[in-house]
> 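This is the structure I have questions about; it appears just below.
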Amino acid sequence: MANDTQGIPMKIARQRFKLRVWITSRLWAQVITGMVLGFGLGLLLSETAGFVPPEIAEVIGLWLALPGKIFLALIAMVLIPLIFSSIVGGLAGAGSGEELRSVGLRLAAFILLTTTLAAAIGVALAQWLQPGMGLAGFSVPAVELGPSSPTDLLPDSPEPNAQLTLPDMIVDILPSNPTASIVQGDMLAVVVLALLVGISVTQVQRSVAAPFLALMEALLSISMNIVKWAMFLAPFAVFGLMAQLVMRMGFETMLGISGYVGTVLLGLAGLLCLYLVVALIFARVTPLRFVKAAGSNLLLAFSTSSSSAVMPVTIQSARQLGVPESIANLVVPLGATMNMAGTALYQAVAILFLAQLAGVELTAIQIGVVVGTLVASSIGAPGTPGVSIAILINVATSMGIPVEGMVIILGVDRLLDMCRTAVNVTGDLVAAVLFRAVGQTGDTSPT
């Protein structure tokens with residue numbers, strides 16, 4: 001029985017090999033082709049081009065985006081079992097309790113440090129470039145945003161007077177009703193539950209835990225197989241989503257707030273370079289090797305705007321960078337849920353942009369509070385499109401910053417969401433390669 005349980009934590013080499021072959025041989029080229037063709041078609045369908053009536057173009061856009069929505073739905077369908085089984089299996093195979101503590105402490109320090117640094121970079125750039133100055137009279141972009149007022153953007157946003165106290169927030173992290181958390185898609189609760197279960201598994205006899213670990217192995221293998229099916233839709237998903245985005249947004253919106261967009265992109269580019277430098281210095285992974293292993297993964301993250309949706313591909317990219325399977329299965333799901341440095345940078349720029357737009361002067365203490373709030377809010381935010389807007393509105397409201405300018409930000413949010421998602425996934429991979437030696441006894445070279 002002991003021999004049967006030694007290899008129980010995640011024997012999925014065959015599924016990973018098939019996924020790796022598909023990614024490395026075809027996906028990157030097809031994703032790039034889909035992005036280019038989708039961008040061109042979106043321009044032709046845009047209202048600015050005038051080739052197609054807006055009503056017909058909107059219907060065409062909905063049908064073009066259908067493969068993308070199916071792709072995201074397939075991933076979302078297996079996301080919770082995938083995250084749960086990956087974390088539990090990663091903890092079970094990570095080694096001793098000391099090694100688990102080492103990984104956990106290092107990952108927590110990495111997330112806190114990079115998220116704080118990213119928010120500080122965003123504040124510094126916004127203070128330096130002042131993207132909101134002089135735009136007080138800027139009109140709302142000619143984009144159909146749906147809600148009639150900024151306060152209607154997120155009906156479920158909590159009222160400023162109904163904020164929870166810190167002790168309540170700490171208690172709410174624990175999933176008191178795991179079934180409800182799974183039904184509601186509360187990823188942070190699922191991660192916490194998986195961490196508790198995985199750590200508990202390491203404290204019981206292997207013979208007792210063997211059936212449960214075998215179930216986790218089967219669950220992960222089945223989920224990975226469904227992900228492999230979804231990958232066949234990826235190029236079509238990228239094509240349709242890009243076409244719909246460009247068609248709805250147009251160049252006018254981009255040019256109207258180019259200062260804000262440029263500030264965010266400059267900050268994200270700096271954070272991306274910082275990640276690559278960290279990987280080079282501390283993990284001896286050159287930028288060329290990193291891009292070769294993770295290029296298609298980052299393109300897919302950029303296209304889908306969801307770090308959770310590309311998590312299986314991120315795990316595979318980490319394996320190509322020499323990260324042990326147990327560490328990849330642990331670090332990447334945690335990173336996809338908690339490591340949101342790119343989002344924190346974007347939100348810092350957006351908060352100061354809104355303040356400058358409304359003529360609100362923030363003191364140094366208030367800016368420090370903004371950074372701390374964004375760091376706390378970003379960690380644990382679901383890795384799905386649009387969730388950062390909810391955080392942004394809540395933080396702005398709590399700081400007394402008017403959110404009337406939110407309609408301007410929403411005009412280009414999807415584009416910036418795509419960019420910061422790619423940076424967030426880069427951070428997950430860098431964290432994985434930094435910790436690849438923990439609990440490892442063999443060679444670290446990719447197989």
Side-chain angles (χ1 to χ4, degrees), residues 113-143 150 245 249-277 302 305 340-375 377-378 388-389 391-424 426-427:
L113 179 62
T114 55
T115 305
T116 303
L117 182 60
I121 291 174
V123 167
L125 286 176
Q127 291 286 78
W128 174 40
L129 298 176
Q130 299 284 317
M133 298 301 293
L135 292 179
F138 184 73
S139 60
V140 177
V143 177
L245 171 66
M249 188 172 61
F251 274 120
E252 291 184 0
T253 303
M254 288 291 299
L255 294 176
I257 52 174
S258 57
Y260 163 70
V261 173
T263 302
V264 175
L265 294 182
L266 179 62
L268 291 176
L271 183 59
L272 179 64
C273 293
L274 179 62
Y275 276 139
L276 294 178
V277 170
F302 176 83
S305 301
M340 300 291 173
T343 301
L345 186 149
Y346 153 79
Q347 290 170 341
V349 175
I351 286 289
L352 291 183
F353 173 76
L354 290 174
Q356 294 164 7
L357 203 63
V360 177
E361 293 286 341
L362 296 179
T363 65
I365 295 178
Q366 288 177 315
I367 291 176
V369 172
V370 166
V371 171
T373 305
L374 291 178
V375 171
S377 301
S378 298
S388 59
I389 293 298
I391 299 175
L392 187 59
I393 288 181
N394 288 335
V395 174
T397 303
S398 66
M399 296 300 298
I401 300 174
V403 295
E404 280 72 16
M406 189 65 65
V407 290
I408 299 176
I409 290 178
L410 279 179
V412 291
D413 177 69
R414 181 57 191 268
L415 174 64
L416 297 180
D417 198 1
M418 296 160 73
C419 297
R420 64 181 178 263
T421 300
V423 174
N424 288 339
T426 302

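Nothing fancy with the numbering, it's 1 onward along the sequence.
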> Tell me the closest heavy-atom pair linking Asn424 and Gly342, and the distance in Å.
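Smallest interatomic distance, heavy atoms only, reads OD1-N, 2.8 Å.
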
> In Å and rounded to the nearest 0.5 Å, what is the CD1 to CD1 distance from Ile401 to Ile351?
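These two atoms lie 5.0 Å from each other.
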
> Once rounded to the nearest 0.5 Å, what's the spacing between atom CD of Gln347 and atom CZ of Arg420?
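The distance works out to 7.5 Å.
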
> Kindly give the heavy-atom pair with the smallest separation between Cys419 and Phe302, and that separation in Å.
SG-CE1, 3.7 Å

> Can you sort out the partners of Leu266 under side chain to side chain contact (heavy atoms under 4.5 Å, CB included), two or more places apart, ordered by chain and number?
Leu125, Leu129

> Show the nearest heavy-atom pair for residues Ala119 and Ala348, with the distance to one decimal.
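Taking Ala119 first and Ala348 second, the nearest heavy atoms are O-CB, 3.5 Å.
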
> As an exercise, state the distance from CG of Leu345 to OG1 of Thr114, rounded to the nearest 0.5 Å.
11.5 Å

> I want to check something: taking the side chain as every heavy atom from C-beta on, are Gln127 and Leu352 in contact at a cut-off of under 4.5 Å?
yes

> Can you list the residues that meet the side chain to side chain contact (heavy atoms under 4.5 Å, CB included) rule with Val360, with sequence neighbours excluded?
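Partners of Val360 under the side chain to side chain contact (heavy atoms under 4.5 Å, CB included) test: Ala355, Ala358, Leu362, Pro402.
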
> List the residues meeting side chain to side chain contact (heavy atoms under 4.5 Å, CB included) with Val264, not counting sequence neighbours, and say none if there are none.
Tyr260, Leu268, Tyr346, Val349, Leu416

> What heavy-atom pair brings Pro131 and Thr263 nearest, and what distance separates the two atoms?
CB-OG1, 3.8 Å

> Quick one: are Asp417 and Thr421 in side-chain contact, heavy atoms under 4.5 Å?
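Yes, their side chains come closer than 4.5 Å.
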
> Nearest heavy-atom pair of Ala118 and Ala341: which atoms, and what distance?
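Reported closest heavy-atom pair: CB-O, 3.2 Å.
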
